[in-house]
Each structure stands twice: as structure tokens, then as C-alpha cells.
Q: 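Have a look at this one before I ask anything.
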Amino acid sequence: MSAAALLAVREIDTYYGQSHVLQGISIEVSRGTVVALLGRNGAGKTTALKSIMGIVPPRRGRIVFEGDEVQGWPVYRIARRGIAYVPEDRGVFPSLTVAENLSLVGAGGHPRAPWDEAAIDELFPRLRERRGTRAARLSGGEQQMLSIARALLANPRLLILDEPTAGLAPLVVGELARIFRRLKASRMSMLLVEQNYPFATDLSDRLYVIGKGRIRWEGSPRALERAATVKHTWIGV
Ligand code: ATP
């Protein structure tokens with residue numbers, strides 16, 4: 001494990017019942033970097049995120065976060081340890097307003113933690129305008145922003161996101177790209193699953209390509225650009 005690793009996933013195997021989905025996957029996220037998992041539908045990307053979060057715990061292997069072996073911990077304990085998860089379905093409470101959704105997050109970290117209400121308002125002006133609106137009435141993009149805002153309020157040291165751009169119009173994807181660039185500039189460490197190839201390669205420092213439950217390739221966005229066979233075989237771009 002390199003000295004700067006924030007998260008190190010070491011050869012994990014994850015199952016759904018008898019189905020052996022992840023087969024010896026290793027992933028590393030260095031502090032202050034953005035890492036994306038790419039791959040075709042059903043490759044195991046979401047399962048990798050759920051394994052890290054403890055939602056579908058791996059049966060074998062290790063997951064080391066800031067020096068602690070967290071495999072086998074319950075989800076709430078992993079969240080409290082400093083990992084926030086934005087699921088693909090966004091997980092907002094539809095009948096609650098934006099403000100109420102945000103108020104459900106207990107203040108994370110110490111009193112000078114960077115992500116408070118003011119910082120959220122500044123990063124998400126759209127949400128500020130919609131504070132009194134029920135989440136069910138938000139657009140898909142606004143719901144995604146709410147989900148990210150809620151995750152940030154917990155002041156995580158690692159933000160995990162499952163397909164943040166899925167189903168969103170290009171204009172909204174552009175707005176999210178701006179938000180992610182700012183998060184990256186603030187040195188927020190992120191691990192994301194993304195089907196939007198240009199979005200993922202523009203944002204990330206490092207990429208992993210997952211195919212049929214194994215890591216098929218890893219490297220920089222520039223190197224992937226030249227790896228035509230990998231792109232064609234395992235990503236489909
Ligand atoms: P997608 O983009 O389609 O979500 P993915 O790469 O995230 O793809 P996963 O959702 O991790 O893939 O799924 C990996 C494999 O595990 C697939 O074959 C899928 O059918 C299977 N799978 C996912 N969730 C479950 C579950 N709850 N029970 C049984 N099998 C599952």
C-alpha cells in the first residue's frame with residue numbers, strides 16, 4: 001500500500017448468495033484524488049462500492065481506510081469513520097423539503113469542519129433557491145445535488161458516488177461537472193462509478209476498468225485513451 005493511500009481494497013471477493021460477483025478486486029484511492037470505476041452493465045461496479053460501504057460485505061479480502069481494517073463493520077460505523085455514500089437512486093426523502101433533508105444530517109467532524117450550511121449554499125445555488133420545496137418535486141439533477149449536499153454535510157474524508165450523472169440532461173451534467181471540479185479543487189477524495197466516459201475521464205486522476213467481476217485495466221485517463229482494445233472490450237466506447 002502506498003504511503004498516501006486513503007482507501008486500499010485488497011483482493012476482495014463478494015457474493016450474492018451463491019453468485020460469486022467480485023473475484024479478487026483491488027482498488028486504491030490516494031488522499032485528495034478522484035478515482036473512477038468504469039465497465040459495462042453488470043460488471044460489478046456498484047457491488048464494489050457496496051462492498052466498501054459494508055452494504056454487501058465481502059467474504060474474503062481486506063478493506064483498509066485510514067489504517068483501519070473496516071471489512072465486516074456495519075454500514076453506520078463505516079459512515080461514521082468518514083466515508084459518505086451517494087447511491088444511484090439518490091436516497092433522498094421525497095416527502096421532506098430540501099431543508100428538512102439536509103437537517104437530518106448530524107453535524108459531522110469538529111466545529112471547524114469545512115462543510116456547513118453556508119458552504120453548501122455557496123456550492124449549490126439551485127438548492128438554496130429550492131429550500132422549501134419537497135424533494136419529490138425537484139428535477140433529477142436537483143435531487144442528485146441534494147444527495148451530494150447531504151453527503152458533504154457529514155464532512156466525509158472519502159465521498160463515494162454511484163453514477164452521479166445517470167439519466168441527467170447534458171446541461172445538468174455540465175453543472176455537476178462544475179461542482180465536482182470545485183470539490184476536487186478543495187482536495188475532496190472521491191471514488192465514483194460512472195457510465196459517462198468523458199465525464200469520468202475529465203474528472204479522474206486514476207481509472208479502473210472492471211469486467212466480469214475482475215479488474216481488467218488500471219491507469220491514467222491519458223493511458224486509457226490510447227488503450228483501444230480495453231475501451232472496446234470492457235467499456236464499450
Ligand atoms: P450496472 O451499471 O448495470 O449497475 P454494475 O457494474 O454496477 O452494473 P452490479 O450492479 O455490481 O454491476 O452487478 C454485478 C452482478 O451482480 C450482475 O450480474 C448483477 O446481475 C448481479 N447482482 C447485482 N445485485 C444483485 C442482487 N441484489 N442479487 C443478486 N445478484 C445481483
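Remember, it's 1-based here, ligands and their atoms both numbered in the order they're listed. Residue indices begin at 1 and follow the sequence shown.
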Q: When you check the side-chain N and O atoms of Gln195 and Asn41, is any donor under 3.5 Å from an acceptor?
A: yes
Q: If the cut-off is 4.0 Å to any non-hydrogen atom of Thr47, which atoms of ligand 1 fall inside it?
A: 9 (P), 11 (O), 13 (O), 14 (C)
Q: Should we count CZ of Arg157 as having more than 12 external heavy atoms under 6.0 Å?
A: yes
Q: How long is the span from the OG1 atom in Thr165 to the CZ atom in Phe199, to the nearest 0.5 Å?
A: 6.0 Å
Q: His20 side chain to Leu22 main-chain N or O, any donor-acceptor pair under 3.5 Å?
A: yes
Q: Looking only at protein heavy atoms, which one is nearest to atom 8 (O) of ligand 1, and how far off is it?
A: Gly42 N, 2.7 Å
Q: Do Arg31 and Glu66 meet the salt-bridge criterion of a basic N to acidic O distance under 4.0 Å?
A: yes
Q: Yes or no: does Arg40 have any heavy atom under 4.0 Å from an atom of ligand 1?
A: yes
Q: Show which atoms of ligand 1 fall inside a sub-4.0 Å distance from at least one heavy-atom site of Val21.
A: 14 (C), 15 (C), 16 (O)
Q: What protein heavy atom sits nearest atom 31 (C) of ligand 1, and how far away is it?
A: Tyr16 CD1, 3.3 Å
Q: Please say whether Glu88 places an N or O atom under 3.5 Å from an N or O atom belonging to ligand 1.
A: no
Q: List every atom of ligand 1 that sits less than 4.0 Å from any heavy atom of Glu163, numbering the atoms from 1 in the order shown and giving each element.
A: 2 (O)
Q: Mark whether atom 29 (C) of ligand 1 lies under 4.0 angstrom from at least one protein heavy atom.
A: yes
Q: In terms of side-chain geometry, is the basic nitrogen of Glu117 or Arg128 positioned less than 4.0 Å from the acidic oxygen of its partner?
A: no
Q: Atom 20 (O) of ligand 1: protein heavy atom closer than 4.0 Å?
A: no
Q: May I ask you to say whether Glu225 pairs ionically with Arg222, meaning some side-chain N is under 4.0 Å from a carboxylate O?
A: no
Q: Is there a heavy atom of Gly44 sitting under 4.0 angstrom from any atom of ligand 1?
A: yes
Q: With a cut-off of 6.0 Å (strictly less than), are more than 12 heavy atoms of other residues, nucleotides or ligands near CZ of Arg187?
A: no
Q: For ligand 1, which atoms have a heavy atom of Gln195 less than 4.0 angstrom away?
A: 2 (O)
Q: Give me the nearest non-hydrogen protein atom to atom 10 (O) of ligand 1 as residue plus atom name, then the distance to 0.1 Å.
A: Thr46 CB, 3.6 Å
